[in-house]
Amino acid sequence: MYLNISPFRLYKTLAPRQRSGRNSMAPKPTKNKTPSVDPNGIFTGMSVFLVENGVQNRRLQIWKQKLVQMGATIEERLSKKVTHVFAMDLEALLQQIDRERLARFKGPSLPYSPPDLNKNITEIFGKLINIYRALGDDRRSFSYYKAIPVIEKLPFKIESMEQVKGLPGIGKSMLDHIQEIITTGKLSKLEHFETDEKVRTISLFGEVWGIGPATALKLYEKGHRTLDDLKNEDTLTNSQKIGLKYFDDIKTRIPRHEAQEMELLLQKVGEDILPGVIILCGGSYRRGKASCGDLDVVITHPDGKSHIGFLSRYVKRLKDMKFLREDLVFTNHSEEVT
DNA sequence: TTACGGCTCGC
DNA sequence: GCGAGC
DNA sequence: GTAA
């Protein structure tokens with residue numbers, strides 16, 4: 001059992017959080033009772049209002065239950081007692097506020113999102129993320145990835161290294177980079193990468209599904225320079241050939257409404273094969289994005305066992321009807337009882 | 001100097 | 001066992 | 001790359 005917090009945004013309000021029972025002698029919750037309330041739960045003292053807008057009902061129920069279990073109290077209306085507001089996203093929250101005409105309600109304080117004052121820096125770091133990943137230096141790539149949100153949160157334009165010294169994820173090299181960017185407007189390191197044919201080629205090849213840093217390097221060393229060159233390369237794996245063949249298609253994002261149509265189709269076909277099967281799209285679609293890079297699909301069945309053997313039949317059906325065309329990878333996970 | 005995620009699949 | 005994707 |  002786990003608690004997935006991510007889809008909800010937590011908007012802290014101005015109301016003081018009442019701490020209660022923190023240091024009391026209250027016993028730990030008993031193990032045999034699932035819905036018991038933990039007086040020392042992490043949400044103790046929170047008065048929560050849930051914006052139901054855009055949240056699936058079942059999910060809402062689970063959330064209420066968990067919040068209460070972990071010490072929170074649920075408020076039915078957005079009163080002054082409320083210390084925290086949960087909403088699917090800012091939009092849902094604003095709609096709710098509008099609906100309740102809460103102009104006079106003091107709070108919630110909306111998440112502060114400064115305009116990208118330091119876009120000059122984060123844009124360059126963003127490019128380095130991709131380059132280092134293409135080169136196989138995931139660790140370094142990840143370091144830039146972590147530095148970006150730290151810089152983005154700053155409410156001012158960085159004008160000297162002192163202003164960012166000591167920030168988490170900003171070490172000596174980052175400071176040097178920032179210094180160079182604020183004085184010259186560019187980063188010679190990046191300029192170098194971007195003009196380097198080897199780096200450029202490896203980055204390009206790495207965009208093909210199934211080609212990673214090692215393979216990209218080998219292909220480069222073989223003399224390949226363009227995607228066209230790769231078409232004549234017979235060492236490519238099946239996945240890589242497909243990745244190449246559908247290079248543009250795979251990169252094309254899926255508009256949300258299309259993802260929605262596909263989800264519906266997937267559900268219908270699933271129901272046809274196995275009544276009662278639950279099929280939902282997750283990932284960026286579930287998070288409400290306007291477009292999706294791919295479609296993540298979760299398949300379950302309430303009886304906990306008839307999922308066995310479902311996937312292969314399902315995939316076959318989807319291929320027969322030409323919804324699916326190719327395979328990049330196979331898995332047999334769903335064939336097993338576990 | 002060391003850790004930075006762990007697992008499955010293709011080959 | 002390596003490379004790759006998630 | 002950063003941080004321990």
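Residue numbering restarts at 1 for every chain, and letters A, B, ... go by the order of the sequence lines.
Using a 4.0 Å heavy-atom criterion, one finds that A:Asn238 contacts the sugar-phosphate atoms exclusively. Nucleic acid contact class of A:Ile211 (heavy atoms, under 4.0 Å, all strands): sugar-phosphate only. Within 4.0 Å (heavy atoms only), A:Lys172 reaches sugar-phosphate atoms of the nucleic acid but no base atom.
Across B:dG6 and D:dA3, the matching C1' atoms stand 22 Å from one another, rounded to whole Å. The separation of B:dG5 from C:dA4, taken at their C1' atoms, amounts to 15 Å, rounded to a whole angstrom.
With distances taken from any side-chain atom of A:Trp209 to the nucleotides B:dG10, C:dG5, D:dG1, the minimum falls on C:dG5. Side chain of A:Phe330, nearest nucleotide from B:dG10, B:dC11, D:dG1: B:dG10. For A:Arg140, counting side-chain heavy atoms from C-beta on, the closest listed nucleotide (C:dA4, B:dC9, D:dG1) is D:dG1. Closest to the side chain of A:Thr215, from the set B:dC11, D:dT2, C:dG3, is C:dG3. Side-chain proximity of A:Met174 to C:dA4, D:dG1, B:dT8: nearest is D:dG1. In the set B:dC9, B:dG5, C:dG3, the nucleotide with an atom closest to the side chain of A:Arg139 is B:dG5. Side-chain proximity of A:Pro168 to D:dG1, D:dA3, B:dG10: nearest is D:dA3. With distances taken from any side-chain atom of A:Thr237 to the nucleotides D:dG1, C:dA4, B:dC11, the minimum falls on B:dC11.
Rounded to whole Å, atom C1' of C:dA4 lies 13 Å from atom CZ of A:Arg133. In this structure, A:Leu328 places its CG atom 10 Å from C1' of C:dG5, rounding to the nearest Å. Nucleotide C:dA4 holds its P atom 15 Å from the CD atom of A:Glu207, rounded to whole Å. To the nearest angstrom, C1' of D:dG1 lies 13 Å from CG of A:Leu187. Atom P of nucleotide C:dA4 and atom CG of A:Leu135 are separated by 12 Å, given to the nearest angstrom. Protein atom CG of A:Asp327 is 13 Å distant from nucleotide atom C1' of B:dG10, rounded to whole Å. Here the C1' atom of nucleotide B:dC4 and the CZ atom of A:Phe142 are 8 Å apart, to the nearest Å.
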Are A:Lys245 and A:Glu326 close enough, and set up right, to give a salt bridge (Lys or Arg N to Asp or Glu O under 4.0 Å), and what steps lead you there?
CA-CA 11 Å; A:Lys245 179 177 174 188; A:Glu326 315 271 3; 3.5 Å; yes
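Although no hydrogens or angles enter the test, the distance criterion places a donor-acceptor pair under 3.5 Å between the side chain of A:Thr183 and the main chain of A:Glu180. Judged purely by atom type and a 3.5 angstrom limit, A:Arg256 has no side-chain atom pairing as donor or acceptor with the backbone of A:Ser291.
Linking ILVMFWY residues whenever their side-chain heavy atoms come closer than 4.5 Å, directly or via other members, leaves A:Leu266 and A:Leu280 in distinct clusters.
Using a 3.5 Å distance cut-off with no hydrogens or angles, the side chains of A:Ser173 and A:Asp176 do not pair a donor with an acceptor.
Taking side-chain N and O atoms only, A:Lys241 has no distance below 4.0 Å to OP1 or OP2 of B:dC11.
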